[in-house]
Amino acid sequence: MFQTAAGVTIPFPERLSERYQQEGDTLTCNLSFEKLDDFVRAFYDALDEPLFLAIHPDADADEVWYLDNMTKAQLTMILDGYGELLYQDGLSAFAIGSLATEEELFVQKYKVLSLYSPRVARFTALLERFGVARTDRLVTAWDTFSDAHPGSAQRLVVAGQTVPDLIRELEQLGMYRG
């Protein structure tokens with residue numbers, strides 16, 4: 001059964017399946033929540049350093065915070081401490097990518113994933129390793145919404161912190177508002 005993040009409510013999750021759709025150099029996909037952490041880590045493990053983390057505290061707003069020039073070990077430490085909050089929160093979105101190759105994974109609102117790479121085939125193989133099959137017509141969370149059955153997203157508190165709290169803490173490491 002397809003699982004969603006705690007901060008996300010999708011009216012008909014049974015309509016979602018682990019699939020991806022390719023459009024040029026971009027892959028858009030659904031991934032069941034229990035696989036998200038492992039997938040994110042496998043994605044950035046395949047990237048060239050230096051890496052970046054971008055956080056949108058409100059996925060529907062233009063505000064973005066960046067932490068640049070990280071090693072994989074530094075990003076792992078951040079996700080070990082804050083990953084659960086980033087993964088579970090329904091209002092925020094985040095991206096991880098390589099400054100060297102500009103490849104990027106964007107975890108959007110409702111945890112729809114977008115991967116960009118000029119060498120996209122290497123990430124289709126990664127998706128397939130995680131059991132995500134290709135489709136010509138991806139049904140995402142947004143496709144399940146209607147006036148009668150809207151989706152919802154909530155700001156969560158995980159271990160006493162919210163995404164804005166985590167941004168304030170990461171400012172100490174050099175995170176800045178873009």
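Q21 and R134 are not linked by any side-chain donor-acceptor pair at a separation below 3.5 angstrom, with hydrogens and angles left out of the test. Residues D68 and Y176 bring a donor and an acceptor atom of their side chains to less than 3.5 Å of each other. Side-chain atoms of E102 and Y116 include no donor-acceptor pair closer than 3.5 Å.
Among F123, F39, F43, the one residue that satisfies the ring pair (Phe, Tyr, Trp, His ring centres under 6.0 Å) test with F130 is F39. Results of the salt bridge (charged side-chain N to carboxylate O under 4.0 Å, His left out) test with D143 over R19, R15, R137 single out R137 as the only residue that passes.
When hydrophobic clusters are built by joining Ile, Leu, Val, Met, Phe, Trp and Tyr residues whose side-chain heavy atoms come closer than 4.5 Å, directly or via intermediates, L75 is grouped together with L115. Under the 4.5 Å side-chain heavy-atom criterion for ILVMFWY residues, no single connected hydrophobic cluster contains both V64 and I78. Put simply, I96 and L166 are part of the same group of oily side chains (I, L, V, M, F, W, Y) that touch within less than 4.5 Å, one to the next. In the hydrophobic clustering of ILVMFWY residues, with side-chain heavy atoms under 4.5 Å counting as a link, L91 and Y87 come out apart. L173 and L53 fall within the same hydrophobic cluster, defined by Ile, Leu, Val, Met, Phe, Trp and Tyr side-chain heavy atoms under 4.5 Å apart, directly or through other members.
Considering only heavy atoms from C-beta on, T162 stays 4.5 Å or farther from L156 through its side chain. Using a 4.5 Å heavy-atom threshold, the side chains of V40 and L86 count as separate. Residues E18 and F2 form a side-chain contact, since some pair of their non-hydrogen atoms from C-beta on lies under 4.5 Å apart. Inter-residue side-chain proximity for F33 and L36 is flagged as met; some heavy-atom pair is nearer than 4.5 Å. In this structure the side chain of Q74 never reaches within 4.5 angstrom of the side chain of M77, judged on heavy atoms. Looking at heavy atoms from C-beta onward, F94 lies out of side-chain contact with V163 at the 4.5 angstrom threshold. Side-chain contact between T71 and P50: absent, with no pair of heavy atoms (C-beta onward) separated by less than 4.5 Å. Residues L51 and Y44 meet the side-chain proximity criterion, which asks for heavy atoms closer than 4.5 Å.
Judged by distance alone, the side chain of Q22 and the main-chain N or O of G24 form a donor-acceptor pair under 3.5 Å. Judged by distance alone, the side chain of R155 and the main-chain N or O of P57 form a donor-acceptor pair under 3.5 Å.
By the neighbour-count criterion of 12 heavy atoms within 6.0 Å, atom CD of E34 is densely surrounded, having more than that number from other residues, nucleotides or ligands.
In terms of heavy atoms, D48 sits closest to A100 at CB-CB, 4.2 Å. Here the shortest heavy-atom pairing between D89 and K111 reads O-NZ, 2.7 Å. Taking all atoms of both residues into account, the shortest heavy-atom contact from C29 to V132 is CB-CG1, 4.4 Å. For E104 against F52, the heavy-atom pair with the smallest separation is OE1-CZ, 3.7 Å. Residues G90 and V8 come closest through the heavy atom pair CA-CG2, 4.0 Å. Taking every heavy atom of both residues into account, Q108 and S114 meet most closely at NE2-OG, 2.7 Å.
Taking OG1 of T28 as the start and OH of Y20 as the end, the distance is 12.0 Å to the nearest 0.5 Å. Between the CE atom in M175 and the CG atom in L170 there is a gap of 5.0 Å [rounded to 0.5 Å]. With rounding to the nearest 0.5 Å, the separation of CH2 in W142 from OG1 in T144 is 10.5 Å.
In this structure D60 satisfies the side-chain contact (heavy atoms from CB on, under 4.5 Å) test together with D58, K109, sequence neighbours excluded.
Taking the six-membered ring where tryptophan is involved, the planes of F145 and Y110 are perpendicular, since the angle between them exceeds 60° and thus also 30°. Between H56 and F106, the two ring planes are tilted [angle within 30° to 60°].
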| message | Determine whether R177 and Y66 satisfy the following criterion, side-chain contact (heavy atoms from CB on, under 4.5 Å), listing intermediate values before the conclusion. | response | CA-CA 6 Å; R177 186 175 181 167; Y66 297 95; over 6 Å; no
| request: Please report the C-alpha distance between L85 and Q88 in whole Å, then the side-chain angles of each, then the deciding distance to 0.1 Å, and finally whether the side-chain contact (heavy atoms from CB on, under 4.5 Å) criterion is met. | output: CA-CA 5 Å; L85 179 56; Q88 294 281 8; over 6 Å; no
| request: Go through the steps to decide whether D38 and K35 satisfy the test salt bridge (charged side-chain N to carboxylate O under 4.0 Å, His left out), and finish with yes or no. | output: CA-CA 6 Å; D38 289 338; K35 297 179 182 178; over 6 Å; no
| said: Between L79 and R41, does the side-chain contact (heavy atoms from CB on, under 4.5 Å) criterion hold? Intermediate values first, please. | reply: CA-CA 9 Å; L79 290 179; R41 291 170 190 264; 3.6 Å; yes
| said: Does Y82 form a side-chain hydrogen bond (donor to acceptor under 3.5 Å, both in side chains) with E169? I'd like the steps, not just the answer. | reply: CA-CA 10 Å; Y82 301 108; E169 288 188 15; 2.3 Å; yes
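Using a 4.0 Å cut-off between a side-chain N of Lys or Arg and a carboxylate O of Asp or Glu, R119 and E103 qualify as a salt bridge.
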